[in-house]
A.B. asks: 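My questions will all concern the structure given below.
These numbers come from the heavy atoms of this one structure, side chains and all, not from hydrogens, waters or symmetry mates. Indexing begins at 1, ligand by ligand and atom by atom, following the structure's order.
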Amino acid sequence: MIVEMAKGVGVEEVDGVVQRAKALGFQVQLNLGTDKIVVAILGGHTGQVSTDTFAVLPGVESVTRIMKPYKLASREFKSENTVVSVGGVEIGGERVVVMAGPCAVESEAQLMEAAEAVKEAGAAVLRGGAFKPRTSPFSFQGLEEKGLELLAKARERFQIPVVTEVVDPHDVDLVAGAADILQVGARNMQNFTLLTNVGKSQRPVLLKRGFSSTITEWLTAADYLLAEGNNQVILCERGIRTFEDSIRFSLDVTSVPVVKKFSHLPLIVDPSHAAGHYSLVPALAKAAVAAGVDGLLIEVHPNPKEALVDGLQSLTLSDFAQLMEELRSIAKAVGRYL
Ligand code: PEP
Ligand code: MN
């Protein structure tokens, strides 16, 4: 951390910063410039201390971090890529892993039809929400335990791993009973109790980016999972809120190379929740694969017109199969396969 002192401060103010840093177990280096004094605060645990700790001290003009607040998710901590293995499927390897299925599990017939078709088209993981985090309490909240049972059934019948969301920190074991990958949704990215419990479960986790979160906040949230000794963390970019209102969320494709640069964790993209409309999903999915993602999370429904949740952004079974075909050549062009 770099503490820049205001112009003309006295020895007392500088000493105040030095003493505070030392009391917290840091080392300090002083840079006595002709104009200003800069105090460098050094130590492995500066990420645990807020910049405000120094910003409030008399004579301090600004405080800047040089170390990132996240550690375990960073490339400095682990330089080689992490590969998460789920029921024989590797996420973070050469294959672009497609996870597909309905937004919400609605019925046995709907889920089985979707599962069979997405597997046939080449999806490696089945998605389906049993517990839905809805903006309104009056919207369909998911089939809950019945939904988990259906997911477990589809998993058995089609021999395909399942990803599903857990919204309540108390439900982690329950959801882990049916899911191969526990999804933490955008709205819960900073639900730290949930993150800690999901971390403790030692189950692979799909951590979505909060739609108002920076990449740094997202990777710091991943540290909550990793801090519990759970190394099987997959990140998922799903679009962020910007001033643009012609789409549901702005897909931040930029986060793909940025996350790859700063983190060793595998990263997938969810084009469906960004697009908000089925017609936009293919282009976003292709852009993500071209940018170098390790996988995609795509909403697919046997009959989107009848969907209880997110029908407008869901692909039909045949549109999904066609998209998979189109993605194959893009994957090949960037040295991957689907
Ligand atoms: C979902 O995947 O169904 C979902 C609710 O996504 P998000 O958390 O990204 O909104
Ligand atoms: Mn959805």
A.B. asks: Given Q313, which of E299, H277, H301 fulfils the side-chain hydrogen bond (donor to acceptor under 3.5 Å, both in side chains) condition?
C.D. replies: E299
A.B. asks: Can you confirm whether E244 is buried at CD, in the sense that more than 12 heavy atoms of other residues, nucleotides or ligands lie under 6.0 Å from that atom?
C.D. replies: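 Check passes, neighbour count above 12.
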A.B. asks: Verify the neighbour count for atom CD of Q29: are there more than 12 heavy atoms of other residues, nucleotides or ligands below 6.0 Å?
C.D. replies: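 For Q29, atom CD is not crowded (no more than 12 foreign heavy atoms under 6.0 Å).
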A.B. asks: Distance to 0.1 Å, residue and atom name: give those for the protein heavy atom nearest to atom 6 (O) of ligand 1.
C.D. replies: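 Among all protein heavy atoms, the one nearest atom 6 (O) of ligand 1 is K208 NZ, 2.9 Å.
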A.B. asks: Which heavy atom of the protein is the closest neighbour of atom 4 (C) of ligand 1, given with residue, atom name and distance?
C.D. replies: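 Sorting protein heavy atoms by distance from atom 4 (C) of ligand 1 puts H273 NE2, 3.4 Å first.
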A.B. asks: Would R238 count as a cation-pi partner of F249, with NZ or CZ less than 6.0 Å from the six-membered ring centre and within 45° of the ring normal?
C.D. replies: yes
A.B. asks: Could you give the distance from CG (L111) to CG (L143), rounded to the nearest 0.5 Å?
C.D. replies: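 If I round to the nearest 0.5 Å, the distance is 9.5 Å.
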A.B. asks: Is the closest basic N to carboxylate O distance between E90 and R95 below 4.0 Å?
C.D. replies: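 No salt bridge links E90 with R95.
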A.B. asks: Donor-acceptor pairs under 3.5 angstrom involving side-chain atoms of residues 147-157: please list them, not counting sequence neighbours.
C.D. replies:
| from | atom 1 | to | atom 2 | distance (Å) |
| --- | --- | --- | --- | --- |
| K153 | NZ | E108 | OE1 | 3.4 |
| K153 | NZ | E108 | OE2 | 3.0 |
| R155 | NE | D180 | OD1 | 3.3 |
| R155 | NE | D180 | OD2 | 2.7 |
| R155 | NH2 | D180 | OD1 | 2.9 |

A.B. asks: Could you tell me which atoms of ligand 1, counted from 1 in the order shown, lie closer than 4.0 angstrom to a heavy atom of G185?
C.D. replies: 8 (O)
A.B. asks: Can you find an N or O of Q183 that's nearer than 3.5 Å to an N or O of ligand 1?
C.D. replies: yes
A.B. asks: Would you mind naming the N, O or S atom of D310 nearest to the Mn ion (ligand 2)?
C.D. replies: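 Distance check against the Mn ion (ligand 2) picks out OD2 in D310.
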A.B. asks: Would you check the N or O atoms of D310, main chain and side chain alike, for any that come under 3.5 Å of an N or O of ligand 1?
C.D. replies: no
A.B. asks: What about H273 and F211, are their ring centers closer than 6.0 Å?
C.D. replies: no
A.B. asks: With a cut-off of 4.0 Å, which atoms of ligand 1 are near a heavy atom of R238?
C.D. replies: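 Every atom of ligand 1 under 4.0 Å from some heavy atom of R238: 7 (P), 9 (O), 10 (O).
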A.B. asks: Quick one: which ligand 1 atoms are inside 4.0 Å of a heavy atom on C103?
C.D. replies: 3 (O)
A.B. asks: Among Q313, K132, R187, whose heavy atom sits nearest atom 3 (O) of ligand 1?
C.D. replies: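 When every heavy atom of Q313, K132, R187 is considered, K132 comes closest to atom 3 (O) of ligand 1.
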A.B. asks: Suppose you place the vertex at the Mn ion (ligand 2); what is the angle out to H273 NE2 and C103 SG, to 10°?
C.D. replies: 160°
A.B. asks: Which atoms of ligand 1 are found less than 4.0 Å from any heavy atom of E299?
C.D. replies: 3 (O)
A.B. asks: Does any N/O atom on A186 come nearer than 3.5 Å to any N/O atom on ligand 1?
C.D. replies: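 Yes, since at least one N or O of A186 sits under 3.5 Å from an N or O of ligand 1.
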A.B. asks: Who gets closest to atom 2 (O) of ligand 1 by heavy atom: R127, R134, M99?
C.D. replies: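 Among R127, R134, M99, the closest heavy atom to atom 2 (O) of ligand 1 comes from R127.
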A.B. asks: Specify which N/O/S atom of E299 comes nearest to the Mn ion (ligand 2), by atom name.
C.D. replies: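 When I compare the N, O and S atoms of E299, OE2 is nearest to the Mn ion (ligand 2).
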A.B. asks: Measure the acute angle between the ring planes of F77 and H264, then classify it against the limits of 30° and 60° as parallel, tilted or perpendicular.
C.D. replies: tilted
